[in-house]
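What follows is one structure encoded as structure tokens, with my remarks underneath.
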Amino acid sequence: MEKLDIVLYPEKGLREICTPVDAMSDELDKLIDDMFYTMYDAPGIGLAAPQVAVQQRVIVVDVSESKDQPIALINPEIIRSAGEITWEEGCLSIPGVYGKVTRPSDILVRGMDRDGKMVEFEANDLLAVCLQHEIDHLNGKLFVDHMSGLKRTRALQKFKKLQQEQTEE
Ligand code: K1U
Ligand code: ZN
């Protein structure tokens, strides 16, 4: 398995709408393995393909404490959503920045699993938050886009400062 480079804001690819996947392939299977490896190593609870410079509709998530409940979804869609939850989100493409985002707390998700089978399941709370965060990535949307103007500006300023400090080191 290979650890992939995670692209950072403001990389252009993070703002693009990703292309649907036609069918499973060995190449896609390897991408999913590498995305899980990269996500667990980061560490993170989710990762979307554009974060590793692949503009295709593929996500991986694992919100379990034990890190043994991996979910890979290809062409994921949210069929229904209800409720409301506010969560302090982070993003591996904007490291060091966190912010409260309010989203639906209960969703019905559909997509293809890594065996090429169509799956549909309900997700709640953190799993729902994480799936929505990753599906947003496939549509060129970042968690900071859900924040109010001033909070978003401050968060991105903080990120720029952190990046500058890192390059000075
Ligand atoms: O997509 C990403 O950038 C990954 C991101 C997912 C996410 C985090 C929080 C709310 C919604 C979606 C992360 O995994 S950031 C790292 C993180 O949250 C975390 C890392 C280790 C343990 C627990 C959480
Ligand atoms: Zn993210």
Side-chain angles (χ1 to χ4, degrees), residues 1-19 21 31-78 81-109 111 114 121-148 151-160 162-163 166:
M1 256 174 281
E2 202 184 326
K3 192 165 102 185
L4 306 170
D5 287 334
I6 296 178
V7 301
L8 298 183
Y9 178 88
E11 182 70 39
K12 199 171 113 275
L14 291 174
R15 290 311 197 175
E16 289 173 3
I17 297 194
C18 295
T19 309
V21 172
L31 172 68
I32 290 170
D33 276 343
D34 291 344
M35 284 175 65
F36 274 124
Y37 188 77
T38 306
M39 176 191 83
Y40 288 127
D41 177 79
I45 55 172
L47 193 67
Q51 295 183 278
V52 291
V54 175
Q55 304 309 120
Q56 292 188 26
R57 302 188 77 81
V58 181
I59 62 169
V60 296
V61 307
D62 187 347
V63 301
S64 69
E65 296 247 325
S66 43
K67 298 292 155 213
D68 59 355
Q69 287 167 42
I71 299 171
L73 276 182
I74 300 148
N75 302 332
E77 286 174 73
I78 295 168
S81 52
E84 202 174 271
I85 186 169
T86 300
W87 201 274
E88 180 103 22
E89 297 192 18
C91 181
L92 297 175
S93 295
I94 322 177
V97 170
Y98 301 89
K100 281 186 183 160
V101 175
T102 301
R103 301 180 183 268
S105 54
D106 309 281
I107 59 173
L108 182 64
V109 187
R114 64 184 304 172
F121 61 93
E122 273 182 36
N124 318 101
D125 305 324
L126 179 58
L127 180 57
V129 168
C130 191
L131 285 163
Q132 289 173 84
H133 178 116
E134 302 312 332
I135 293 170
D136 271 356
H137 273 301
L138 304 182
N139 295 319
K141 195 162 184 177
L142 300 171
F143 82 94
V144 289
D145 300 335
H146 291 275
M147 292 160 67
S148 70
K151 283 187 180 156
R152 179 168 179 250
T153 306
R154 284 201 182 134
L156 293 174
Q157 274 170 350
K158 182 183 172 193
F159 176 66
K160 273 187 203 146
L162 287 172
Q163 291 300 107
Q166 265 193 1

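Every number for a ligand or one of its atoms is a count from 1 in the order of the listing. Numbering starts at 1 and runs along the sequence shown.
- In this structure a side-chain-to-backbone donor-acceptor pair under 3.5 Å is missing from Gln56 to Ala49.
- For ligand 1, none of its N or O atoms has an N or O atom of Glu89 under 3.5 Å away.
- Arg57 places a side-chain N or O within donor-acceptor distance of the main-chain N or O of Cys18, the cut-off being under 3.5 Å.
- Judged purely by atom type and a 3.5 angstrom limit, Ser93 has no side-chain atom pairing as donor or acceptor with the backbone of Gln51.
- For atom 9 (C) of ligand 1, the nearest protein heavy atom (residue, atom name, distance) is Gly90 N, 3.7 Å.
- Remark: the backbone N or O of Lys100 is not paired with any side-chain donor or acceptor of Lys151 at under 3.5 angstrom.
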Report task. Verify side-chain contact (heavy atoms from CB on, under 4.5 Å) between Ile32 and Ile74, making sure each step is shown before the conclusion. Result -> CA-CA 10 Å; Ile32 290 170; Ile74 300 148; 4.1 Å; yes
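- The heavy atom nearest to atom 13 (C) of ligand 1, out of those in Ile45, Leu47, Ile94, Ile6, is found in Ile45.
- Taking only nitrogen or oxygen atoms, main chain and side chain alike, Ser93 does not reach within less than 3.5 Å of ligand 1.
- Side-chain atoms of Gln132 come within 3.5 Å of backbone atoms of Ala128 as a donor-acceptor pair (strictly under, hydrogens ignored).
- In Met39, neither the side chain nor the backbone holds a heavy atom less than 4.0 Å from any atom of ligand 1.
- Every atom of ligand 1 is numbered from 1 in the order shown, and the set under 4.0 Å from a heavy atom of Gly44 is 14 (O), 20 (C).
- Rounding to 10°, one obtains 120° for the angle at the Zn ion (ligand 2) between NE2 (His133) and SG (Cys91).
- Side chain of Arg15 to main chain of Gly140: a donor-acceptor pair is present (N/O by atom type, distance under 3.5 Å, no hydrogens or angles).
- Heavy-atom proximity to His137, at under 4.0 Å, picks out these atoms of ligand 1: 1 (O), 3 (O).
- The closest approach between any non-hydrogen atom of Glu88 and ligand 1 is not below 4.0 Å.
- The distance criterion of under 3.5 Å between nitrogen or oxygen atoms is met by Glu134 with respect to ligand 1.
- Using a 30° and 60° split on the angle between ring planes, His137 and His133 fall in the perpendicular class, above 60°.
- For atom 3 (O) of ligand 1, the closest heavy atom belonging to the protein is Leu92 N, 2.8 Å.
- Between atom 4 (C) of ligand 1 and the options Pro43, Pro50, Cys130, Gly46, the minimum heavy-atom separation is to Gly46.
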